[in-house]
A.B. asks: 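Take this structure, written in structure tokens, and hold onto it; I'll ask about it next.
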Amino acid sequence: MRATTFAAFAFALLTACSKESDTAATGALRVGFSQIGAESGWRAANTASIKAEAKKRGIDLVFLEAGGKQENQIRALRSFIQQRVDVIAFSPVVETGWQPVLEEIKQAGIPVVLTDRAVAVTDESLYECFIGSDFVEEGRRAARWLAEATKGQGVVVELQGTPGSAPAIDRKKGFEEVLAQHPGLKIAKSQSGDFTRAKGKEVMEAFLRSPEGPSITALYAHNDDMALGAIQAIQEAGRKPGTDLVVVSIDGVKDAFVAMKEGTLNCSVECNPLLGPQLFDVVEKLHRGETVARRIQTEEGMFTREQVTDAVLAGRQY
Ligand code: GYE
């Protein structure tokens with residue numbers, strides 16, 4: 001990492017450490033939250049929901065953003081142990097590599113809540129609860145919609161999320177599971193766009209320039225931001241997203257609704273980022289010594305461009 005980039009990052013990390021209220025001295029509940037970063041519209045809405053809910057409940061929240069790096073998340077979790085927070089919550093960027101730090105937290109006697117993404121650990125007692133969506137089902141929903149919209153025929157390209165992350169692994173799995181029943185739909189190319197708009201655009205440009213480029217008829221993106229970047233690449237290549245190249249993605253953020261209204265995005269499978277209220281319900285229960293459910297699943301739907309009227313767009317919260 002270049003020195004200037006590092007300095008900027010270190011500064012961002014420091015300033016990201018914001019106390020939502022000054023209640024530590026009054027004995028309020030203290031919660032450490034390690035957020036992945038700010039890679040997408042979904043993440044921005046998720047962060048806003050968590051901060052707003054903590055403030056509403058008078059919880060002393062220590063919120064750290066990791067710039068998309070697991071090592072920064074691990075460092076944040078260790079700092080929460082040192083600060084002796086009451087509860088630790090985090091959204092793990094990737095699935096593996098958490099066992100040692102989770103063991104340290106357990107030794108310190110601090111309960112852990114996972115939000116949004118799951119971890120792969122052998123010892124289930126290392127966390128109390130996982131709150132989030134069923135990503136495999138989201139992938140299945142995207143594929144079912146695509147199969148119906150294309151009558152089971154087409155050349156598909158896939159933009160995957162962050163390598164090793166639960167949503168990238170599961171959304172691929174669910175999509176492929178359904179696609180296996182539709183032999184006329186083939187994935188010609190599949191690559192990571194790291195859940196960002198810029199990478200989504202860059203990778204789609206490469207797909208379109210490849211020998212298979214002219215034959216591509218559909219895009220499946222693991223999140224809206226990558227789809228939105230790709231839509232720009234498709235337009236710049238002189239093709240029509242939403243019409244001669246069908247686009248389906250996941251999240252259902254406001255910008256996706258705008259694109260659906262414009263007709264460039266065909267369908268977005270919803271993944272609800274507003275996890276703040278559920279998270280702090282669980283945190284408060286744990287603090288009171290009550291038992292909590294191991295798994296809390298978020299309820300969600302899906303939207304096609306035909307459903308997006310002006311009123312629907314205006315009412316979309318995030
Ligand atoms: O879909 C994507 C974000 O983990 C569900 O992460 C989340 C995903 C979301 O960057 O936009």
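Numbers for residues simply follow the sequence, beginning at 1. One-based numbering, in listed order, for ligands and for the atoms of each.
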A.B. asks: Looking only at heavy atoms, which two atoms of Leu77 and Ser34 are closest? And how far apart?
C.D. replies: CD2-CB, 4.1 Å
A.B. asks: Check whether NZ of the Lys or CZ of the Arg Arg117 lies under 6.0 Å from the centre of the six-membered ring of Phe135 and within 45 degrees of that ring's axis.
C.D. replies: no
A.B. asks: Do ligand 1 and Asn223 have nitrogen or oxygen atoms that lie under 3.5 Å from each other?
C.D. replies: yes
A.B. asks: What is the closest protein heavy atom to atom 6 (O) of ligand 1, and at what distance does it sit?
C.D. replies: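 Answer for atom 6 (O) of ligand 1: Arg117 NH2, 2.8 Å.
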A.B. asks: For ligand 1, note which part of Arg171 has a heavy atom under 4.0 Å away: side chain, backbone, both or neither.
C.D. replies: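 Side chain only.
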A.B. asks: Please tell me whether Asp123 and Ser125 have a donor and an acceptor in their side chains that are separated by less than 3.5 angstrom.
C.D. replies: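 A pair is found: one side chain offers a donor N or O, the other an acceptor, under 3.5 Å apart.
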A.B. asks: Heavy atom under 4.0 Å from ligand 1: found in Cys271's side chain, backbone, both, or neither?
C.D. replies: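 Cys271 to ligand 1: side-chain contact only, backbone stays beyond 4.0 Å.
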A.B. asks: Does at least one non-hydrogen atom of Met226 fall below 4.0 angstrom from an atom of ligand 1?
C.D. replies: no
A.B. asks: Check the angle between the aromatic planes of His222 and Phe195 and answer parallel, tilted or perpendicular using the 30° and 60° thresholds.
C.D. replies: tilted
A.B. asks: One pair to check against salt bridge (charged side-chain N to carboxylate O under 4.0 Å, His left out): Asp225 and Arg197. What are the steps and the verdict?
C.D. replies: CA-CA 5 Å; Asp225 279 80; Arg197 231 175 252 222; 3.2 Å; yes
A.B. asks: Given Glu270 and Arg316, is the salt bridge (charged side-chain N to carboxylate O under 4.0 Å, His left out) satisfied, shown in steps?
C.D. replies: CA-CA 12 Å; Glu270 188 181 35; Arg316 195 68 187 160; 3.2 Å; yes
A.B. asks: Please report which non-hydrogen protein atom sits nearest to atom 5 (C) of ligand 1, along with the residue it belongs to and the distance in Å to one decimal place.
C.D. replies: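 Of the protein heavy atoms, Asp116 OD1, 3.2 Å lies nearest.
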A.B. asks: Measure the distance from atom 10 (O) of ligand 1 to every protein heavy atom, then report the residue, atom name and distance (to 0.1 Å) of the closest one.
C.D. replies: Glu39 OE2, 2.5 Å
A.B. asks: Nearest to atom 1 (O) of ligand 1, what protein heavy atom do you find, and at what distance?
C.D. replies: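 Going atom by atom, the protein heavy atom closest to atom 1 (O) of ligand 1 ends up being Asp251 OD1, 2.6 Å.
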A.B. asks: Has ligand 1 got any nitrogen or oxygen that is less than 3.5 angstrom from a nitrogen or oxygen of Ser40?
C.D. replies: yes
